[in-house]
Number of protein chains: 2
Amino acid sequence: MSTTGRGLHGRVLDILGPEITAGEYPPGSVLRTDELAQRFDVSRSVMREVVRVLESMRLVESRRRVGVTVLPACEWNVYDPQVIRWRLAGADRPRQLRSLTVLRSAIEPAAAGLAARHATARQCAELTECALGMVAHSRGHQLEEYLVHDVAFHRVILTASGNEMFARLGDVVAEVLAGRTHHDVMFEDPDPAAVTLHVQVAEAVRERDAARAEELTRQITEGALQELDVLAP
Amino acid sequence: MSTTGRGLHGRVLDILGPEITAGEYPPGSVLRTDELAQRFDVSRSVMREVVRVLESMRLVESRRRVGVTVLPACEWNVYDPQVIRWRLAGADRPRQLRSLTVLRSAIEPAAAGLAARHATARQCAELTECALGMVAHSRGHQLEEYLVHDVAFHRVILTASGNEMFARLGDVVAEVLAGRTHHDVMFEDPDPAAVTLHVQVAEAVRERDAARAEELTRQITEGALQELDVLAP
DNA sequence: GTGACTTATAAGTCTGACTTTTTGTTCGTG
DNA sequence: CACGAACAAAAAGTCAGACTTATAAGTCAC
């Protein structure tokens with residue numbers, strides 16, 4: 001599932017990146033390129049490329065005569081998909097999941113409102129299809145199938161908003177939804193109320209009722225927030 | 001003002017990055033590392049590092065035997081601060097500014113609501129100070145001083161929300177606000193109504209009135225959106 | 001036409017030498 | 001003792017060249 005993987009460079013990145021985002025090196029720690037190259041048994045060229053990428057994510061900063069210094073978490077590009085993935089795989093996954101869920105609850109209602117105005121006929125159809133798929137798999141422990149349609153639903157909403165910044169959060173939402181189903185305990189079938197809300201959102205968008213689409217989506221994300229409050233204190 | 005600049009590598013990036021985000025190479029175009037190295041008169045090592053960074057931004061994809069192919073805009077990491085800066089400096093600045101303003105209007109009200117709950121006494125004081133600074137410079141063509149306080153105000157709100165994803169949008173908001181003052185025509189003093197709203201938001205946060213802080217901030221961002229509608233069709 | 005084989009190509013990797021910047025120390029002077 | 005300038009060392013930065021590897025595309029037999 002890892003996007004990187006490709007090439008020697010990517011493999012090193014997939015080890016060093018998670019280590020840094022996990023906080024294994026306190027902010028201000030200095031790493032030397034040569035030592036890292038030795039440790040991973042790669043050439044300095046490869047190691048330099050890795051450092052450059054980490055630098056562009058603002059995880060580290062490279063300065064002459066001093067080395068590669070690890071930056072404090074407040075500097076990190078937390079919207080970088082790679083950084084998000086690394087952090088979700090790490091120890092502070094709960095905190096990360098909460099941050100992202102709060103972000104969702106700010107974005108998605110607005111996106112739904114815009115989607116009601118801008119969605120194409122095709123997107124409206126897709127939306128309805130997703131919602132029906134959710135209904136169809138909402139009972140009898142078909143969690144995986146339900147998840148697929150749930151993710152697709154939210155992706156369509158975000159895309160149909162017509163705002164590229166919203167659209168780009170599709171992967172984040174997918175990650176959050178998948179996290180809820182997989183990692184956290186979720187043996188029970190999804191909340192019927194939530195399923196109904198999705199159907200209603202699809203309706204509202206189809207009927208171009210922006211205010212209703214926004215309000216209904218707000219209820220969905222509020223539910224996700226409360227669910228999180230129940231699981232994690 | 002460029003963050004990169006440092007080093008030969010950064011200079012190349014600051015030329016090639018904007019070129020790509022400006023759409024000078026249609027999606028699917030292939031660039032060869034060697035040719036680029038020749039063009040910029042740098043070694044392949046440097047050029048490879050540049051390509052690696054562009055790849056991590058998902059502006060390009062490097063594949064063996066084919067070259068460095070430019071990816072379509074829907075793949076770009078549009079939340080990368082560097083990408084945002086490049087695009088704001090480019091031709092589709094208006095569209096970009098609109099996307100970011102829409103994003104703002106989704107995020108900031110939510111952030112203000114959270115800030116009302118989580119802001120420290122110090123942050124409340126800073127907020128009030130910023131608001132007063134805005135009032136003080138709201139008349140008599142003191143646009144620059146006004147902007148400084150405006151930016152600071154919104155940064156505090158986003159930080160005080162306690163959500164790192166929100167906090168990280170401080171730079172984006174700063175960029176948008178600065179853009180409004182500098183690039184677009186703005187000879188007149190700021191709208192007195194907006195100034196008052198900022199003061200009231202500071203009040204609401206200090207009084208822990210989350211709903212009011214959220215609603216007032218919504219009015220601020222709505223104003224920004226309408227202002228944009230007036231300037232650009 | 002289909003499939004296996006070959007080839008050319010461009011990225012990927014490694015190595016070693018050299019340059020440049022920056023830090024910290026040393027030393028001389030007031 | 002304080003202060004500043006000269007100096008030395010350390011680590012990143014840069015370059016050039018040789019080699020490896022994956023793979024797209026062309027070739028040939030069937």
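Below, chain A is the first sequence line, B the second, and so on; all start at residue 1.
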Item checked: Partner of A/Asp150 by side chain to side chain contact (heavy atoms under 4.5 Å, CB included), out of A/Arg155, A/Glu145, A/Arg180 -> A/Arg180
Notebook entry, point to check: For residues B/Ser45 and A/Arg48, is any side-chain donor paired with an opposing acceptor at under 3.5 Å?
Noted result: no
Item checked: Polar pair under 3.5 Å, donor/acceptor by atom type, side chain A/Arg44, base C/dG16 -> yes
Margin query: Quick check: any donor-acceptor pair below 3.5 Å linking the side-chain of A/Arg65 to the base of D/dA11?
Written below: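 A donor-acceptor contact between them is absent.
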Report the distance from atom [atom1] of [X] to atom [atom2] of [N], rounded to the nearest whole Å.
X	N	atom1	atom2	result
B/Gln38	D/dA16	CD	P	11 Å
A/Arg48	D/dA11	CZ	P	15 Å
A/Leu54	D/dA12	CG	C1'	15 Å
A/Glu55	D/dA11	CD	P	17 Å
B/Met47	C/dA10	CE	C1'	14 Å
A/Arg6	D/dT21	CZ	P	17 Å
A/Leu36	D/dG13	CG	P	13 Å
B/Arg11	D/dT14	CZ	C1'	12 Å

Check: A/Ser45 or B/Val68: which one's nearest nucleotide on DNA chain C is closer to the 5' end?
Finding: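 Taking each residue's closest nucleotide, the earlier one in sequence belongs to B/Val68.
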Item checked: Nearest-nucleotide 5' precedence on DNA chain C, A/Asp41 against B/Thr33 -> B/Thr33
Check: Salt bridge or not for B/Glu55 and B/Arg52, using N-O below 4.0 Å?
Finding: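 Looking at B/Arg52 together with B/Glu55, the answer is yes, because their closest N to O distance falls below 4.0 Å.
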Item checked: NZ/NE/NH1/NH2 to OD/OE distance under 4.0 Å, A/Glu126 and A/Arg122 -> yes
Next item on the list: Please work out if A/Arg63 contacts a base, only the sugar-phosphate, or nothing of the nucleic acid, heavy-atom cut-off 4.0 Å.
Entry: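 Counting heavy atoms under 4.0 Å across all strands, the contact made by A/Arg63 is with sugar-phosphate only.
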Next item on the list: Could you tell me whether B/Ser62 contacts a base, only the sugar-phosphate backbone, or nothing, with contacts defined as non-hydrogen atoms closer than 4.0 Å?
Entry: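 It contacts sugar-phosphate atoms only.
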Note to self: Does the plane of the ring in B/Phe153 sit parallel, tilted or perpendicular to the ring in B/His198? Use 30° and 60° as the thresholds.
What the structure shows: perpendicular
Choose from [options] the nucleotide whose nearest atom is closest to any side-chain atom of [X].
X	options	answer
A/Val46	D/dA12, C/dC14, D/dC15	C/dC14
A/Ser43	D/dT14, C/dC14, C/dT20	C/dC14
B/Leu8	D/dT14, D/dT23, C/dT20	D/dT14

